[in-house]
Number of protein chains: 2
Amino acid sequence: MTSTPPPPSPSSSGRAALDATDDRLPLHVRLRELLLDRIRTGEWTPATPLPGEIALADHYGVSKGTLRRVLGELVDQGLLERRRGDGTYVRRARLDHSLHRFFRHGSANDILPDSRILRWDSEPADTKVTESLELGADAEVLTLRRLRSRAGAPVLVEDIWLPLPRFAPLIEAGPEALGPLLYPSYEKLAGQVVGGASEELTVGACDRTDAALLECGVGDPVVVIERLARAHDGSPLELRVSRGRADTFRYRIELT
Amino acid sequence: MTSTPPPPSPSSSGRAALDATDDRLPLHVRLRELLLDRIRTGEWTPATPLPGEIALADHYGVSKGTLRRVLGELVDQGLLERRRGDGTYVRRARLDHSLHRFFRHGSANDILPDSRILRWDSEPADTKVTESLELGADAEVLTLRRLRSRAGAPVLVEDIWLPLPRFAPLIEAGPEALGPLLYPSYEKLAGQVVGGASEELTVGACDRTDAALLECGVGDPVVVIERLARAHDGSPLELRVSRGRADTFRYRIELT
DNA sequence: AAGTGGTCTAGACCACTCC
DNA sequence: GAGTGGTCTAGACCACTTC
């Protein structure tokens, strides 16, 4: 035989999608790209499970082994979550915890800090914000400032900017509608799902207003954490700049 | 048949070792433990490749698939390195770079900093050092201080403690024998291979001697990185405390 | 009971590196 | 050319969750 045997011709167009990709690449690489697309476009959400292994495998015309390999990689990458007997789900990001990893406070480091909203305004975005959030020149944003404290002691001051057409439902709901964890509120109130974030840590000096809030001296060192959170499709959702006293900062890493 | 079929009885005792483990655990978990032991004990080193897949698989009486799964995990974990057509090797740790990731200096962030040794002494260890390195009360250590700079500008001051019976060959060789990267020197001169490390970042104030070396003011904020490096078997090899000016500190993380 | 994911196997074939 | 790791398949069987 000189011609390649025809594919097992599954019911739908999944196999066609695979065939349309660059066939010099290994099957599992091409399959991962296709699955990533369906995650990024929001076709699969944390609420609805993906199709089962056998269904997916023969939709794409690949073996169960190859499919499982790819799903495993996506799980390792933190994009998916699998529960035996239940199903495979897009993972809901839980980033609210990570900031507080950095700051030690006696032994009470596990409990969730209190959160008080100090500002809540819609206003035109300045240039730093428009650039970070990739907005047009005259875009409006919802701006908020929070003070987070633990056992009465201030931990972090946070300034947060949210692009406005997108987060308009938050304005209707008002600041009281926000829980201590913001990302679940974003999802429930505005349907915005955070998929990941990048953070940058630097050290700066405390200004007058932060000094009052953080109960330290003007000019004392503070750790500044700038975070840009993105949706699964890569579009910027939230810019957040957090500041905490440097003398309570501690960060551990394991290197291998 | 009521009895379990006999194992394929491979040539050596590998299968016996697997059978001796807790058989309520999945095969791949037990196999990983066995392979980890052989890495930790130093039976396999970065210089000599592991046996091939087929050899290893039937030594342990498992399928190639199960063996590959475990090797893949160890690669992901950074313990092994595989090269097609060549072989599988224990990975040589390359931690010297990680510290400098944290400090930005214009665009010259990739080039290796210069290194000047300011101190080189054997002396009794103080309590902080004995505790970190898990030494006896009257242990001796080799102490060194290095100044690392880039393009003439000081970047980091490092204090380093090495447990002494273990690193005695370094004393013979003298400070001139050390390259800018210490870990390769440890391996070549004293046969000590670093397998991993844990680091803790905090913010402190600059003392008088550091101020002179780092060219900043006394009391200025500095970032302090405390690192404990360990051998593959878990025993502490090196304690290192590095300090750098906070105003050049920058650290990026991706969260998912 | 039905459906999900997890474990394990056996074997074919391919791509690469080394000698 | 011999030996290495990488890809992919097909199928058996198990453990678990949900209804």
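So that the names make sense, note that chain A is the first sequence line, chain B the second, and so on, each numbered from 1.
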Review point. Taking only residues two or more places apart in sequence or in another chain, which ones pass side chain to side chain contact (heavy atoms under 4.5 Å, CB included) with B:Arg83?
Key: B:Glu81, B:Asp86, B:Tyr89

Check your understanding: Looking at A:Arg69, does any N or O in its side chain come under 4.0 Å of the phosphate oxygens OP1/OP2 on D:dT7?
Key -> yes

Exercise for review: May I ask you to say whether A:Glu134 pairs ionically with A:Arg230, meaning some side-chain N is under 4.0 Å from a carboxylate O?
Suggested key: yes

Exercise for review: Rounded to the nearest angstrom, tell me the gap between atom OH in A:Tyr60 and atom P in D:dC8.
Suggested key: 16 Å

Point to revise | side chain to side chain contact (heavy atoms under 4.5 Å, CB included) partners of B:Arg68, counting only residues at least two apart | key: B:Glu53, B:Lys64, B:Arg82

Could you list the donor-acceptor pairs under 3.5 angstrom formed between side-chain atoms of residues 160-181 of chain B and any protein atom two or more places apart in sequence or on another chain?
residue	atom	partner	partner atom	Å
B:Arg166	NE	B:Gln192	OE1	2.9
B:Arg166	NH1	B:Ser235	OG	3.2
B:Arg166	NH2	B:Ser235	OG	3.0

Revision key, fill the gap. To the nearest angstrom, the CZ-C1' distance between A:Arg82 and C:dT7 comes to 13 Å

Check your understanding: Got a sec, which residues hit side chain to side chain contact (heavy atoms under 4.5 Å, CB included) with B:Arg32, two or more places apart in sequence or on another chain?
Key -> B:Leu36, B:Val70, B:Glu73, B:Leu74

Practice item. Describe the nucleic acid contact of B:Arg68 in one word from base, sugar-phosphate, nothing, applying a heavy-atom distance below 4.0 Å. Key: base

Exercise for review: Let me know the distance between CD of B:Glu81 and P of D:dT4, rounded to the nearest Å.
Suggested key: 18 Å

Check your understanding: Can you check the B:Leu25 CG to C:dG6 P distance for me, whole Å?
Key -> 16 Å

Study note, to complete from the structure: Rounded to whole Å, CD of B:Glu73 lies from P of C:dC8 at a distance of 11 Å

Check your understanding: Taking only side-chain nitrogens and oxygens of B:Thr66, does any of them come within less than 4.0 Å of OP1 or OP2 of C:dT7?
Key -> no

With the criterion being N/O to N/O and under 3.5 Å, what pairs connect the protein with nucleotides 12-16 of chain C, and how long is each?
residue	atom	partner	partner atom	Å
C:dA15	O4'	B:Arg84	NH1	3.2

Point to revise | A:Leu31 CG to D:dG6 P, straight-line distance once rounded to whole Å | key: 19 Å

Point to revise | Residues forming a side chain to side chain contact (heavy atoms under 4.5 Å, CB included) with A:Asp37, sequence neighbours excluded | key: A:Arg40

Exercise for review: Could you check which of D:dG5, D:dT9, C:dT7 has an atom nearest any side-chain atom of B:Thr88?
Suggested key: D:dG5

